[in-house]
Amino acid sequence: MKTVLYRTLVTEFYRQNTGFFLVIVMLGFGIIRSDDHVAVFQYAMTSPSILLYYFAVWTLYAVKIIGFVRQQFRHPAYRFLHYFRLISTPQRVISWLTITISLLLPILAYAFWMSLYAIQNQQWMAIITLILFFAAISLLALLIFERTLRQSDTEAKVRTFAQNWPLPYPLFFIQFLLRKHAILVLVTKFFSGALLLGVCLLYPTDDYDERLLAIGLLLGSLIHLGLTTEHYTFEHEYLLFVRNLPLSFGKRFTAHALQMLLIFIPEIILLFRYLPDTVSFLFVGKAFVFISGIQIAALHRVYQHDKSLEKLSAYGLWGFIVGLLLIMFHVDLTILGGFLWGYAAWINAYKYYQSEFQFD
Amino acid sequence: MSFFVGMLHVKNYRKAYHGRIILEVPELQLQPGIHWIRGVNGAGKSTFFRSVAGMLPFEGEIWLNDTWEVKRDPVAFRLRVNYAEAEPLYPEYLSAFDLISFVAKAKKAPAGQVDALVETLEIASFWKQPVGTYSSGMLKKTSLILGFLGNPTLIMLDEPLITIDDRAVANVCQLIDQYHQNGVQFLLSSHQDFRLTDLKMDSSYIIRNQTLEEIHLS
């Protein structure tokens, strides 16, 4: 049981979030040097108020792992996980702690790195604060996991609005995201929004051009690859019957385009609000074509080659490198976005029905 | 409803997973009628049905009325071939109303058809509730209604009689008979013996040794 639990919760978490970690590593260690990390966290450990920023980001990560575990327990395919309750309480607590520590490992490793410097500098208070923080989030995670285990399946909530109007098909996936993956959406949108806001605020501080904004958009869109995985899995698990429907290319592709528009509404609003004064509002349109193009092309890449689902993170890495080069060489975002939308349209028109979700 | 008879023609069909052949049908011509497909669990009945429904990719050709091929005419073929899953899995927050409305529109269901099916299979009392609250029988009825929507030439029902009560079984058999009289061809799979119902089977097939063979109805 423990092995099954570990595979379902820990291995699966890292498998599904490879792209997320790659982007974080790229951002955190590709752009910022390790010396800068050391300088910032050494300063943070002398000032509790700065250390709070670290705790805020780590708490978001903890929310992400808790959300993942809860989601796995609610998934119809993983109902057997509830048998974990049959194991004795002490053994269960040990298992939960092992799982929690395994899931928190990336931030624990970072905190350990910070602690090594704190020991050198004899910053004992900082070390105690770090230990207390991790003890608190581990305990919180353990309590929530235990509560999830004790809860039987919660009934789906009845829609209280527009009951007499059927939910439009493009909203099936959006509802799925909001109801089943609210934390994934929250974390994705937080990082994507923070990136966009960051580049928008950085833009007027120096002699930057639109390429800075484009790089922010590129990274912001790549962070959404986790949603692409959910989109593909949702369609193949829950909406297989749609493949028996006589939907023309136009109808299928319009539904996908509407879903992209809905997914990127927060980024579009944020861009309108914080777009630097010297940048034309036309840029917002270009930005939408580009970020949604990355998303729709990634989804259709998986339709074309279903086993690519496992490689989305690698595509993210290559997508970042190639995208960065093209942006640095002043290739217009409309051209890049247009190419990505064109690729997706071609797959949708000619390869859509060849897609089949096969587990290895 | 279509008034011309349907005929299914399968040529060089082959379906494999990870290089392992699940089902191979070199040639199959199904005449109009109600056909019973049998086979042990995992024999490949649902895989065959899903392939015919255009839900799974496969090697070979599947023709309807020797006019529409599933890969060549994806929209026209799917407009005429319906499928109801044996164990349907739908997003739990959607209602049967959401699903039926969407499929009815896509399959161009005639006016009044949805209401008639909802009444026949007696789902009016719960069809606006989320699927997550349904019993397996309620879920099965939803899936069956989806299978009857539109103007199909061929309807495939995978295990249509399981999990539903006796009255619903009688209603489903009556629906099959009624649609068949209007020119709709049926492929049914079941572990239960259709000879115990009022339905008259025209032929029976069994999936064994990774292929489909006709067997005599005794």
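Heavy-atom basis, side chains included; hydrogens, waters and symmetry copies ignored. All figures in this text were calculated on a predicted structure; none of them were measured in a lab. Chain identifiers are assigned alphabetically (A, B, ...) following the order of the sequence lines, protein sequences preceding nucleic acid strands; residue numbering begins at 1 within each chain.
No donor-acceptor pair under 3.5 Å is formed between the side chain of A:Asn244 and the backbone N or O of B:Asn82. With hydrogens and angles disregarded, no donor-acceptor distance shorter than 3.5 Å links the side chain of B:Tyr93 to the backbone of A:Arg179. No donor-acceptor pair under 3.5 Å is formed between the side chain of A:Tyr238 and the backbone N or O of B:Glu92. At least one donor-acceptor pair closer than 3.5 Å links the side chain of B:Arg78 to the backbone N or O of A:Arg243.
In terms of heavy atoms, B:Phe97 sits closest to A:Pro166 at CE2-N, 3.5 Å. A pairwise comparison of heavy atoms in B:Asp98 and A:Leu167 identifies OD1-N, 2.8 Å as the closest pair.
Residues of residues 246-256 of chain A having a heavy atom under 4.5 Å from any heavy atom of chain B, listed by number: A:Pro246, A:Leu247, A:Ser248. When the heavy atoms of residues 99-107 of chain B are compared with those of chain A, the residues falling under 4.5 Å are B:Leu99, B:Ser101, B:Phe102, B:Val103, B:Ala106, B:Lys107, listed by number.
The greatest number of non-hydrogen atom pairs below 4.5 Å with chain B, out of A:Tyr353, A:Phe176, A:Tyr169, is found for A:Tyr353.
Within a 6.0 Å sphere centred on NZ of B:Lys108, heavy atoms belonging to other residues, nucleotides or ligands number 12 at most. At most 12 heavy atoms of other shown residues, nucleotides or ligands fall within 6.0 angstrom of atom CD in B:Glu87. Heavy-atom neighbours of B:Glu119 CD from other residues, nucleotides or ligands within 6.0 Å: at or below the threshold of 12. Within a 6.0 Å sphere centred on CZ of A:Arg7, other residues, nucleotides and ligands contribute 12 heavy atoms or fewer. The environment of A:Tyr350 atom OH is sparse: at most 12 non-hydrogen atoms of other residues, nucleotides or ligands sit within 6.0 angstrom.
Taking the side chain as every heavy atom from C-beta outward, B:Pro91 and A:Phe172 never approach each other to under 4.5 Å.
For B:Glu69, the side-chain contact (heavy atoms from CB on, under 4.5 Å) criterion is met by B:Glu61, B:Trp63, B:Lys71, B:Arg72, B:Asp73, not counting sequence neighbours.
Rounded to the nearest 0.5 angstrom, A:Phe241 CZ and B:Leu146 CG are separated by 6.5 Å. Separation of atoms CZ (B:Phe58) and CD (A:Glu356) is listed at 11.5 Å; rounding is to 0.5 Å.
Residue A:Tyr352: no heavy atom, backbone or side chain, is found under 4.5 Å from chain B.
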Scan the side chains in residues 48-56 of chain B for donor-acceptor partners under 3.5 Å anywhere in the protein, sequence neighbours excluded, and list what turns up.
{"residue": "B:Arg50", "atom": "NE", "partner": "B:Glu85", "partner atom": "OE1", "Å": "3.4"}
{"residue": "B:Arg50", "atom": "NH2", "partner": "B:Glu85", "partner atom": "OE1", "Å": "3.0"}
{"residue": "B:Arg50", "atom": "NH2", "partner": "B:Glu85", "partner atom": "OE2", "Å": "3.2"}
{"residue": "B:Ser51", "atom": "OG", "partner": "B:Tyr13", "partner atom": "OH", "Å": "2.7"}
{"residue": "B:Ser51", "atom": "OG", "partner": "B:Thr47", "partner atom": "O", "Å": "2.8"}

